[in-house]
Novice: 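First the structure, then my questions, so here it is.
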Amino acid sequence: MSRKKEEFKPIESGKVGIYVCGPTVYDRAHIGNARSVVFFDVLYRLLKQLYPVVCYVRNITDVDDKINAKFKKTCEPISSITKRTTAMFHEDMSALNVLFPDEEPRATEHIDEMIALVERLLENGNAYEAEGHVLFDVSSMPEYGRLSIRSQDEMLAGARVEVASYKRDSADFVLWKPSEDDLPGWESPWGRGRPGWHLECSAMSLRYLGKVFDIHGGGQDLIFPHHENEIAQSCCGNNTETYANYWVHNGHLIVNGEKMSKSLGNFFTVKEVLEKAQGEAIRFCLISTHYRQPLNWTDKALEQAKSAMDRFYTALRNVENIKAEKVEIPQNVMEALKDDVNTPLAISHMHEIVSELNKCKNDAEKALQKGKLLASGGLLGLFKENPEEWFKGKITFSDTVTIQDHFHIELTDSNGKVIQVRDSKTDALMVERAKIDALIAERVEVRKAKNFARADEIRDKLKVLNVVLEDTPSGTIWKYGK
Ligand SMILES: [Zn+2]
């Protein structure tokens, strides 16, 4: 709101309330959505580290025009669309190590609170009824536009609102609107209808965090009109000067320097990216840029994130037999994050720890540096994988590897049984994780028996599958990659 970095002081000492606008559940989350969710997850972890009580609320918008449009297009029942998409959102975010918020209210479960808020806005003279709609009267609030810092003229030009006949002023926005019979609707003093999107967040934040709370977050693109309108509804409806004390907005995500869009063919869902890289590599890529900067998503950036994570996991694998010392999060990492969540700086400090760890001469030093690295990574939501598993890469995701069709591989086990299988749906060649392990075990055996021809054969065949073996003093390890 002030356009500058401010010292954070919670309303109640030791207690933080934070509200972040959650997904509208009609489609798979894309990588731009994930940037916001992952960033606020880091902020949440940081706040939990610093304050005894944190209440993080991230809503689910399960009544919205986009959901209705999807239903009209596909005929899939609305309840099925929202249920299915919510589950996919949870699945994708948990693959990125995102913690569950403390509260995840669904808009459809808070319609009564929304109706009550509209009633208060009508009573206070901030809203009016027209043709079954209830609209917020922007002219009733002189401070409107405080967050986005625009004049009312600019907002009119920028909002591209279709000027409906029932609006007194084109800047006025919908609080409640009538619903057609085949669309979700609730009885209200203004007839059967449904809430406007902005209203949902005002009602849910009030219910879980009160009239005035500490932090409100979301993507930059939500500043106007969404957050501006939340402020208007909440301040006018609750008779307060302020809504949230601090606003935190993350920057845009662009792909190869361009705005991500389905028509440009540079639109990626989280699920699609998870097929190319592990969740932690994606998470790392998303937090490698400071949250307020635009993030340019490229294959190269993802590759760099993967190799950075490989460096961390290699260091951890090298000290796998050493128990990490329990230590506080290193001060420089903590200071970086406490200063406007400077994740790139925190990450560079983690690289320094790895360099230290790689130089350690004795076990006590190793245990200390390992403890520092794990504590830092934990705060950023990293290093949840077992180092050994990390290098097996993509296979841990679905437990199978998809092989491109032009590879024709005849993999056989020691009994001559073909272990190559085809996915019945996609016809892609698949090989099961367990069978890779079995082949490696067989190779260990044939090497003991000095049957090196068979051992080499197994190694070569696995190589075609991008499974690379490495023989170490403690046994054969493998990783997925070229
Ligand atoms: Zn919102």
Side-chain angles (χ1 to χ4, degrees), residues 1 16-27 29-30 32-41 43-44 55-68 82 85-86 89 93 98 100-111 113-118 121 136 138 141 144-148 155 159 161 173-177 194-238 240 242-252 291:
M1 183 83 82
V16 182
I18 172 168
Y19 186 93
V20 176
C21 300
T24 300
V25 281
Y26 70 104
D27 218 342
H30 57 69
N33 302 137
R35 182 191 190 184
S36 184
V37 178
V38 166
F39 163 66
F40 285 103
D41 182 65
L43 178 58
Y44 177 43
C55 182
Y56 174 28
V57 184
R58 187 187 66 210
N59 70 291
I60 298 273
T61 291
D62 59 354
V63 48
D64 188 87
D65 290 350
K66 286 176 184 159
I67 302 168
N68 295 345
T82 56
T85 321
T86 302
F89 176 76
M93 294 310 137
V98 170
F100 238 78
D102 298 288
E103 298 287 350
E104 193 181 52
R106 282 159 172 75
T108 51
E109 289 167 5
H110 297 278
I111 300 291
E113 287 104 313
M114 293 174 204
I115 292 174
L117 181 55
V118 176
L121 287 166
F136 187 90
V138 166
M141 190 198 191
Y144 185 80
R146 235 174 1 173
L147 178 71
S148 49
M155 282 186 280
V161 279
F173 59 89
V174 168
L175 299 169
W176 189 265
K177 60 183 154 193
R194 59 181 196 267
W197 171 42
H198 315 305
L199 185 73
E200 299 178 9
C201 287
S202 282
M204 289 184 276
S205 60
L206 173 64
R207 163 74 172 71
Y208 291 94
L209 297 173
K211 292 180 179 176
V212 183
F213 55 91
D214 295 303
I215 303 172
H216 195 312
Q220 239 171 36
D221 50 329
L222 296 184
I223 295 176
F224 183 81
H226 185 54
H227 289 164
E228 198 69 72
N229 293 351
E230 279 188 40
I231 296 173
Q233 297 160 157
S234 295
C235 289
C236 295
N238 302 329
T240 57
T242 318
Y243 172 42
N245 279 346
Y246 302 88
W247 286 86
V248 181
H249 290 105
N250 64 278
H252 296 294
Y291 79 91

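Along the sequence shown, residues are numbered consecutively beginning with 1. Atoms within a ligand are numbered from 1 in the order they appear, just like the ligands themselves.
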Novice: For the Zn ion (ligand 1), find the closest N/O/S atom on Glu230 and give its atom name.
Specialist: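 Of all N, O or S atoms in Glu230, the Zn ion (ligand 1) lies closest to OE2.
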
Novice: Counting backbone and side chain alike, does His227 bring an N/O/S atom below 2.8 Å of the Zn ion (ligand 1)?
Specialist: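 No.
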
Novice: Measuring only between side-chain heavy atoms, which start at C-beta, is Trp176 closer than 4.5 Å to Leu121?
Specialist: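 The answer is no; the side chains never approach within 4.5 Å.
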
Novice: Considering just N/O/S atoms, say which atom of His226 is closest to the Zn ion (ligand 1).
Specialist: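 Looking at His226, the N, O or S atom with the least distance to the Zn ion (ligand 1) is NE2.
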
Novice: Does a side-chain heavy-atom distance below 4.5 Å link Leu199 with Phe136?
Specialist: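 SC-SC contact between Leu199 and Phe136 ruled out.
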
Novice: Would you please indicate if the ring centroids of Tyr19 and Tyr56 are separated by under 6.0 Å?
Specialist: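 Judged by ring-centre distance (under 6.0 Å), Tyr19 and Tyr56 do not meet the cut-off.
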
Novice: Is it true that some N/O/S atom of Glu200, main chain or side chain, lies under 2.8 Å from the Zn ion (ligand 1)?
Specialist: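 Looking at Glu200, which is the residue asked about, there is no N, O or S atom under 2.8 Å from the Zn ion (ligand 1).
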
Novice: Mind checking whether the Zn ion (ligand 1) has an N, O or S of Cys201 under 2.8 Å?
Specialist: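 Looking at Cys201, which is the residue asked about, there is an N, O or S atom under 2.8 Å from the Zn ion (ligand 1).
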
Novice: How are the rings of His198 and Phe173 set relative to one another: parallel (under 30°), tilted (30 to 60°) or perpendicular (over 60°)?
Specialist: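 Rings of His198 and Phe173: perpendicular, as their planes differ by over 60°.
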
Novice: Using the ring of each side chain (for Trp, its six-membered ring), is Tyr291 parallel, tilted or perpendicular to Phe39, with breaks at 30° and 60°?
Specialist: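 Judged by the thresholds at 30° and 60°, the geometry between Tyr291 and Phe39 is parallel.
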
